[in-house]
2 protein chains.
Amino acid sequence: MTNQLDIVFGALADPTRRAVVEQLTLGPAAVSALHDGHDMALPTFLKHLKVLEESGLVSSTKKGRVRTVHIEAAPLRVMDDWLKRQKDMWEGRLDRLARLAEALNEEDST
Amino acid sequence: MTNQLDIVFGALADPTRRAVVEQLTLGPAAVSALHDGHDMALPTFLKHLKVLEESGLVSSTKKGRVRTVHIEAAPLRVMDDWLKRQKDMWEGRLDRLARLAEALNEEDST
DNA sequence: AAGACACTTAGCCAGATAGCTAACTTATAG
DNA sequence: CTATAAGTTAGCTATCTGGCTAAGTGTCTT
């Protein structure tokens, strides 16, 4: 049962990969530009990019010897939806509790 | 540089743990109640609960021999804020692109 | 044509993760 | 007071993860 949320949450559970996503919200960038400022060997960094790409958070195209990487909004929305669903459930439950408390109060004053 | 987002995203990158969070939005529950329906040994399941608790997504208290687990909203909000920040950046960029396109259009028709 | 540039592939390693069983500790129920 | 129920602790294993170096493949630049 490995669904997309596993992969997307997993992809973002790493500061290097989150930093890449953050940087890409400002616009597409080449692999080496993204790599600048990350203190790790290029092949290591490339693995991170691969994880991001496999998660769908990012896509890339190669032209000549340069690969350019772009952010993809869809997976962020999927996560956002999940979070919102939890929030709604949670708040729905709080509402029900509030109504219950009110009902008990009524009963109390009867 | 291990920040809270690493840990929270990591905690949610597993279907068992997400299922627990989902279930807890409906209200607190005992360990064994949470364990029901998950096809894994109890000690394994307990490790998942520990990960959730260490991430702050969940807290628990023990009374007699029963441990009751509750959801905590704060870490969900932290994630939500991060997502929103990315969305804002992303959209800000799209706006700038749109304005740029417009400006180029102006120039074109001059 | 030669060299530099921008990745890419292969392979190694240490530590973390997710699973298991077996054995232990309290608490409650009978 | 013994048995059962609810967790807990300890320790083992297999796989995944994130890091590295070394060497390879195309694509410019000179």
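Below, each value reflects all heavy atoms present in this structure, side chains not excepted, and no hydrogens, waters or symmetry copies. Keep in mind that what you see is a predicted model, and the values were worked out from it rather than measured.
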Fill in the blank from the handout: B/Met40 has its side chain closest, among C/dC7, C/dC20, D/dG18, to C/dC20

Problem - Polar pair under 3.5 Å, donor/acceptor by atom type, side chain B/Lys62, base D/dG7 - result: no

Exercise for the section: Determine yes or no for a side-chain-to-main-chain donor-acceptor pair under 3.5 angstrom, with B/His38 supplying the side chain and B/Val20 the backbone. Expected result: no

Practice task
Take atom NZ of B/Lys47 and atom P of C/dG19, then tell me their distance rounded to the nearest Å.
Solution key: 9 Å

Handout entry: Ion pair check, A/Asp80 and A/Lys84, cut-off under 4.0 Å
Key = no

Handout entry: Rounded distance in Å - CG (A/Leu42) to P (D/dT25)
Key = 17 Å

Exercise for the section: Write down the distance between NZ (B/Lys50) and P (D/dG7), rounded to a whole number of angstrom. Expected result: 16 Å

Practice task
Report yes if a side-chain nitrogen or oxygen of B/Arg65 is closer than 4.0 Å to either non-bridging phosphate oxygen (OP1 or OP2) of D/dT8; otherwise report no.
Solution key: no

Exercise for the section: Check for a donor-acceptor pair, side chain of A/Arg17 on one end and backbone N or O of A/Ala11 on the other, with a separation under 3.5 Å. Expected result: yes

Exercise for the section: Write down the distance between CZ (B/Arg18) and P (C/dA18), rounded to a whole number of angstrom. Expected result: 12 Å

Exercise for the section: Remember a base hit wins even if backbone is also touched, and classify A/Thr44 as base, sugar-phosphate or nothing at under 4.0 Å, heavy atoms. Expected result: base

Handout entry: Phosphate-side-chain proximity, A/His48 and D/dT17, N/O vs OP1/OP2 below 4.0 Å
Key = no

Handout entry: For atom CG of B/Leu49 and atom P of D/dT8, their distance in whole Å
Key = 9 Å

Exercise for the section: Can you tell me the distance, in whole Å, between the NZ atom of B/Lys63 and the C1' atom of C/dT28? Expected result: 15 Å

Practice task
Ignoring hydrogens and angles, state whether a donor on the side chain of B/Ser60 or B/Glu53 is under 3.5 Å from an acceptor on the partner side chain.
Solution key: yes

Handout entry: Donor-acceptor contact below 3.5 Å, side chain B/Arg67 vs main chain B/Val31
Key = no

Handout entry: Side-chain N or O of A/Arg67 closer than 4.0 Å to phosphate OP1/OP2 of C/dT8
Key = yes

Practice task
Can you tell me the distance, in whole Å, between the CZ atom of B/Phe45 and the P atom of D/dT8?
Solution key: 12 Å

Problem - Plane angle bin for A/Phe9 and B/Phe9 - parallel if under 30°, tilted between 30 and 60°, otherwise perpendicular - result: tilted

Exercise for the section: With DNA chain D as reference, determine whether A/Gly64 or A/Ala13 sits nearer its 5' end, using the nearest nucleotide of each. Expected result: A/Ala13

Practice task
Kindly say if B/Ser32 contacts the phosphate of D/dG7, meaning a side-chain N or O under 4.0 Å from OP1 or OP2.
Solution key: yes

Exercise for the section: With axes from five pairs an end, tell me the bend angle of the helix from C/dA1-D/dT30 to C/dG30-D/dC1, nearest 10°. Expected result: 20°

Problem - Interatomic distance, A/Leu46 CG vs D/dT25 P [rounded to whole Å] - result: 17 Å

Problem - Donor-acceptor contact below 3.5 Å, side chain B/His35 vs main chain B/Met40 - result: yes

